[in-house]
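Encoded as C-alpha cells, the structure appears first; notes follow it.
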Amino acid sequence: MAIQFSPEEILETIRMVQMENLDIRTITMGISLRGCADPSLEAAAKKAYEKICRSAARLVAVGEEIEREYGIPIINTRVSVTPIALVAEASASDDYVLFAEYLERAAAEVGVNFIGGFSALVQKGTTPGDAALIASLPEALARTERVCASVNVATTRAGINMDAVARMGEVICATAARTADRDGIGCAKLVVFCNAVEDNPFMAGAFHGIGEPDCVVNVGVSGPGVVANAVEAEPNADFGTLASIIKRTAFKITRMGELVGRAASEKLGVPFGIVDLSLAPTPAPGDSVARVLQAMGLERIGTHGSTAALALLNDAVKKGGAMASSYVGGLSGAFIPVSEDAAMIDAVAAGALTFDKLEAMTCVCSVGLDMIAVPGDTPAATIAAIIADEAAIGMINRKTTAVRLIPAPGKKVGDMVSFGGLLGRAPVIALHRESSEAFIARGGRIPAPLQALNN
C-alpha cells in the first residue's frame, strides 16, 4: 500500500529530522524459532543461529538503504525471537547459557545492536524450561553484550505469580552482582513484565510472540523533541487545544514510521507488522519526554501535576497514531526511562522526582519503572515487592507495566552510574528502607481481578 506525501509534508519531515531529533528508533525483525526445538540444546541453538543469520542477513543493509533514500536517521536495527524457554525446553538441559551465547553470535554476525527474546512467560506458573531460563539469566547476561531478556510474571487474565516475582528479585540482585565491574549493566538488559505484548520492537523487552508470523518487520518511532517543540510553540493554549496539537504531531510521526516500515518490508520480502509510536527519549539534549511535560507548565518533572500531564501526552499520542495507521501496536505512548532522559536525570539529582512519584506516573505511561538505578545493597525482597506493585498497576488497569531496575553494586543514594550510548546514566535513587520480606515470603498467586471476567 503506497503512502503519498505532499511537498509540504516532505519539507516538514526534513525540518523535524534536522532540527527536532526525529528518528526511527528501531527496525526490529521478529523471527520465529519454534521449528528449532531439539532434544540437544546445542543442536537447537545452532538451528536458531542459522535461521537468524539467514532471515536477518540483509536487515542492517536495508536500514542503511532506507536512511540514504529517505534521509531519516535509523538509530538501531534489532532482532526479536520466540521466547527461548519455549524453544529450549525440548532439550534435557537445565542451563541455557549456551543458547544465549549462540544468540550473541548471531546478533554479531548480522550486525544488529540487540537481540531480544531470552525470555519466559510465567504469569500462571513455571515449567522446567521456564525455571532453567530464569536460573540462567545472571550468567547469560554477564557473558553477552547484545542479548536482552524478559520475564512476564503477571497478566490481567491470570493474576500475579508471586513465586516468580520473588524469584526475579533474587535474579536481578544476582545479575547486578555478576556484572558489578560494569555498574550492574546486566540488569539494564532484563525486564520483568505484566501484560507483555507480542509485537514490541523496543529493547530490552522485545520477543516474538507465538501469534506472530514466521518472520515480520516492526518499526519503533520516537519523536519527543518534535512534540516538545510543538508544545513550546503554544505557551498559552488550553489543554484541549494542546491535546489536538500533540495528536496532529503524532499523526505526522506515525505516517513517517509506516512509510519506513513498509519500505523495509518490501526490501526484505517479509510482512510488515506494526508501528510502535513511543516517545522514547535519549540522553541527547532536547530529546526528552520530561521536556514535553515541562513545556506544559511544570517547573520540573516530578512536581504536582506531572501525572496529569503525562496522561494527556500518552493519550494524545495514541489517538494521533491510531488515526495515521491501522497497524499501530507494540507499546505506543510515552516512555519514562530515567537514565535515558536528560531532564529526568536532572530532576532525580535535584530531588524533585522521587521513586514514589515515578511509580504513580507509570499508571498512565506506556510501560513502567524503567532504567532506574537503586542502591546496590537493596534486598531481593524489596526488588520483588517493587515488581509486585508495578504488576498490580498493570493487572488492575489492563495495561502493560514493567520493571527494569539496576541495583548498582557498591553505590549509594546520590552516586551516579553510567552505561553509555542509549542506556545513558542515572543517579542512584532512594527507596523505602522498611522490609517487605514477610510479604514476599507468602508466595502463591495474587488472583486475577474482576476485570479479567470480560468475555
Side-chain angles (χ1 to χ4, degrees), residues 12-23 25 73 75 220-257 277-321 323-324 331-354 357-358 360-367 370-371 422 424 426-427:
E12 185 174 34
T13 300
I14 292 170
R15 177 181 57 78
M16 290 190 294
V17 168
Q18 293 180 341
M19 309 277 297
E20 300 173 359
N21 298 100
L22 178 63
D23 58 51
R25 185 56 47 87
I75 306 303
V221 183
S222 178
V226 178
V227 176
N229 281 342
V231 173
E232 287 168 353
E234 299 288 342
N236 300 315
D238 65 26
F239 286 115
T241 304
L242 205 58
S244 296
I245 291 167
I246 295 169
K247 283 191 290 184
R248 287 198 298 270
T249 306
F251 180 92
K252 297 169 187 175
I253 296 170
T254 306
R255 276 169 61 82
M256 185 267 289
L277 176 64
S278 287
L279 300 184
T282 72
D287 202 21
S288 164
V289 170
R291 177 187 161 205
V292 180
L293 305 182
Q294 290 171 177
M296 294 184 192
L298 303 173
E299 182 178 353
R300 180 167 268 163
I301 185 69
T303 192
H304 306 295
S306 296
T307 306
L310 181 59
L312 183 152
L313 174 64
N314 207 55
D315 179 67
V317 164
K318 289 178 184 291
K319 287 174 178 173
M323 286 295 293
L331 298 168
S332 286
F335 290 0
I336 51 170
V338 171
S339 77
E340 300 171 15
D341 189 308
M344 293 190 73
I345 294 168
D346 292 342
V348 170
L353 183 58
T354 65
K357 187 62 176 181
L358 277 164
M361 292 169 68
T362 65
C363 297
V364 298
C365 77
S366 284
V367 57
D370 197 15
M371 286 302 292
L422 284 177

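Residue indices begin at 1 and follow the sequence shown. Keep in mind it's a predicted model, so treat the numbers as computed, not measured.
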Provide the closest heavy-atom pair for [X] versus [Y] in the form atom of the first, atom of the second, distance.
X      : Y      : value
Gly321 : Ala250 : N-CB, 4.2 Å
Phe335 : Val289 : O-CG2, 3.5 Å
Ser278 : Ser332 : OG-N, 3.1 Å
Val338 : Ile345 : O-CG1, 3.1 Å
Lys247 : Ala316 : CG-O, 3.3 Å
Ile245 : Thr249 : O-OG1, 2.9 Å

Main chain of Ala295, side chain of Glu232: is a donor-acceptor contact present, judged purely on distance under 3.5 Å?
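Checking the backbone N and O of Ala295 against the side chain of Glu232, no donor-acceptor pair under 3.5 Å is found.
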Please tabulate, for the side chains in residues 346-353, all donor-acceptor contacts under 3.5 angstrom to protein atoms that are two or more places apart in sequence or on a different chain.
none

Kindly compute the distance separating CG (Leu331) from SG (Cys365), expressed to the nearest 0.5 Å.
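Answer rounded to 0.5 Å: 9.5 Å.
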Rounded distance (nearest 0.5 Å) linking atom CE of Met323 with atom CZ of Arg248:
12.5 Å
N/O donor to acceptor pairs below 3.5 angstrom from side-chain atoms of residues 303-314, sequence neighbours left out:
| residue | atom | partner | partner atom | Å |
| --- | --- | --- | --- | --- |
| Ser306 | OG | Gly302 | N | 2.9 |
| Ser306 | OG | Thr303 | N | 3.3 |
| Ser306 | OG | Thr303 | O | 2.7 |
| Thr307 | OG1 | Lys357 | NZ | 3.3 |
| Asn314 | OD1 | Ala334 | N | 2.6 |
| Asn314 | OD1 | Ser366 | OG | 3.3 |
| Asn314 | ND2 | Val364 | O | 3.1 |

Using a 4.5 Å cut-off on heavy atoms from C-beta on, say whether the side chain of [Y] contacts that of [X].
X      : Y      : result
Leu242 : Met296 : yes
Asp370 : Ile336 : no
Met344 : Leu358 : yes
Ile246 : Val231 : yes
Met256 : Val226 : no

Could you go step by step and tell me if Val221 and Arg255 meet the side-chain contact (heavy atoms from CB on, under 4.5 Å) rule?
CA-CA 10 Å; Val221 183; Arg255 276 169 61 82; over 6 Å; no
